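Below, all heavy atoms of this structure are taken into account, side chains as well, without hydrogens, waters or symmetry copies. Quick caveat, the model's predicted, so the values are computed rather than measured.
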Amino acid sequence: MGDRPARWTEATVYPDMWADPDRDPRNSEGVSPDGELPTLKQYLTDHRLTILMKCETLTPDQLARRSVPPSTMSLLGLIRHLAEVERDWRNWLSTDAPFPTLYGRRDADFDGATADEAVVDEARTDLAREQELTDAALALHSDLGQRVGRDGIAIRELMVHRVEEYARHCGHADLLRECIDGRVGQ
């Protein structure tokens, strides 16, 4: 198993952490947010940052590296997938015609995640834009019990689903990053 990278971390205070607590943008001193909506937003923010941190310092080739066959999962594919689902969540809010997909056919988010700097740049831009647009659309609905869209989904359910989606993919990103260069952490 000579091709397996050695495990490592940049953290010096706690060697099993991704980053030292004083440099971790997810760390916040003091008490947690008051209320359900601020708590959900904080968890979502932290998971979003985790995905981006897992992709830091990697080349396009590393970002596009697939996990284990037959899976097409890669860190770049995750970024593209999360941009796609952010767009789709806005469809859940509306009764209008759905927004078109960003990358085309089903699984194109992963299949099109190629080791090309332009593809990486586009994916990062797409994710930031789609997150911003979804956040703005949801800001119009402060009542977590409000039911919206064609299926009458509660805003609470949509918010919880967003946290769940990012949290699940943070776990995938942990494993993908460790396979690329051995970096581990929370």
Side-chain angles (χ1 to χ4, degrees), residues 5 7-11 14 16-28 32-33 38-68 71-92 101-103 107-139 158-186:
R7 294 180 63 150
W8 68 281
T9 179
E10 289 183 349
Y14 302 105
D16 62 335
M17 295 179 81
W18 181 260
D20 287 329
D22 59 345
R23 290 190 352 230
D24 191 333
R26 300 166 300 175
N27 279 356
S28 60
S32 60
T39 299
L40 289 167
K41 286 181 177 180
Q42 183 63 54
Y43 271 88
L44 179 62
T45 296
D46 288 348
H47 290 313
R48 283 174 167 176
L49 283 169
T50 298
I51 290 288
L52 296 176
M53 291 171 71
K54 295 294 177 175
C55 296
E56 286 177 343
T57 72
L58 296 177
T59 66
D61 181 61
Q62 290 171 315
L63 287 167
R65 189 170 301 161
R66 305 295 170 95
S67 59
V68 292
S71 175
T72 59
M73 189 176 293
S74 66
L75 287 168
L76 179 55
L78 286 177
I79 293 170
R80 289 166 51 100
H81 172 72
L82 290 167
E84 195 76 79
V85 296
E86 286 281 355
R87 176 172 280 211
D88 190 47
W89 286 325
R90 288 198 314 282
N91 288 329
W92 295 11
T101 61
L102 287 171
Y103 306 111
D107 293 331
D109 41 3
F110 289 102
D111 294 338
T114 58
D116 180 322
E117 190 68 46
V119 174
V120 172
D121 292 343
E122 178 185 43
R124 287 182 170 144
T125 299
D126 289 346
L127 180 59
R129 180 192 63 244
E130 296 302 321
Q131 287 173 338
E132 186 177 313
L133 290 169
T134 303
D135 290 347
L138 277 164
L158 178 55
M159 290 297 295
V160 169
H161 183 72
R162 293 173 82 202
V163 171
E164 178 273 332
E165 182 87 14
Y166 275 90
R168 182 165 32 97
H169 291 315
C170 283
H172 295 135
D174 283 340
L175 297 173
L176 287 163
R177 180 64 191 249
E178 187 173 353
C179 285
I180 291 168
D181 66 359
R183 187 159 182 201
V184 297
Q186 82 285 13

Side chain to side chain, R87 and T101, heavy atoms closer than 4.5 Å:
no
With a 4.5 Å limit on heavy-atom distance, are the side chains of R66 and M73 in contact?
no
Please tell me whether D111 and Y103 have a donor and an acceptor in their side chains that are separated by less than 3.5 angstrom.
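D111 vs Y103: no donor-acceptor pair found between side chains.
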Checking E165 against H81: is there a side-chain donor and acceptor pair closer than 3.5 Å?
yes
Between [atom1] of [X] and [atom2] of [Y], what distance do you get to the nearest 0.5 Å?
X   : Y    : atom1 : atom2 : result
E86 : T134 : CD    : OG1   : 4.5 Å
L63 : D116 : CG    : CG    : 12.0 Å
M53 : I51  : CE    : CD1   : 11.5 Å
R65 : L76  : CZ    : CG    : 13.0 Å
L82 : L52  : CG    : CG    : 9.5 Å

Kindly say whether [Y] contributes a backbone atom to a donor-acceptor pair with the side chain of [X] at under 3.5 angstrom?
X    : Y    : result
R177 : K54  : yes
E84  : L102 : yes
S71  : S67  : no

Nearest heavy atoms of [X] and [Y], plus distance in Å:
X    : Y    : value
C55  : L75  : SG-CB, 3.9 Å
A113 : A64  : O-CB, 3.4 Å
L78  : A173 : CD1-N, 4.0 Å
E117 : P60  : OE1-CG, 3.1 Å
A123 : I79  : O-CG2, 3.6 Å
G112 : V119 : O-CG1, 3.7 Å

Applying the salt bridge (charged side-chain N to carboxylate O under 4.0 Å, His left out) test to D135, which of R162, R129, R90 qualifies?
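For D135, the salt bridge (charged side-chain N to carboxylate O under 4.0 Å, His left out) check succeeds only for R162.
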Do the ring planes of W92 and W89 sit parallel (below 30°), tilted (30 to 60°) or perpendicular (above 60°)?
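Perpendicular: the ring planes of W92 and W89 meet at over 60°.
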N-O pairing of R80 and E130 below 4.0 Å
no
F110 atom CZ: more than 12 heavy-atom contacts under 6.0 Å:
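Buried by this count: over 12 neighbours within 6.0 Å.
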Could you check whether atom CD of E164 has more than 12 heavy atoms from other residues, nucleotides or ligands sitting under 6.0 Å from it?
yes
Member of L44, D46, T45 meeting the side-chain contact (heavy atoms from CB on, under 4.5 Å) criterion with V163
L44
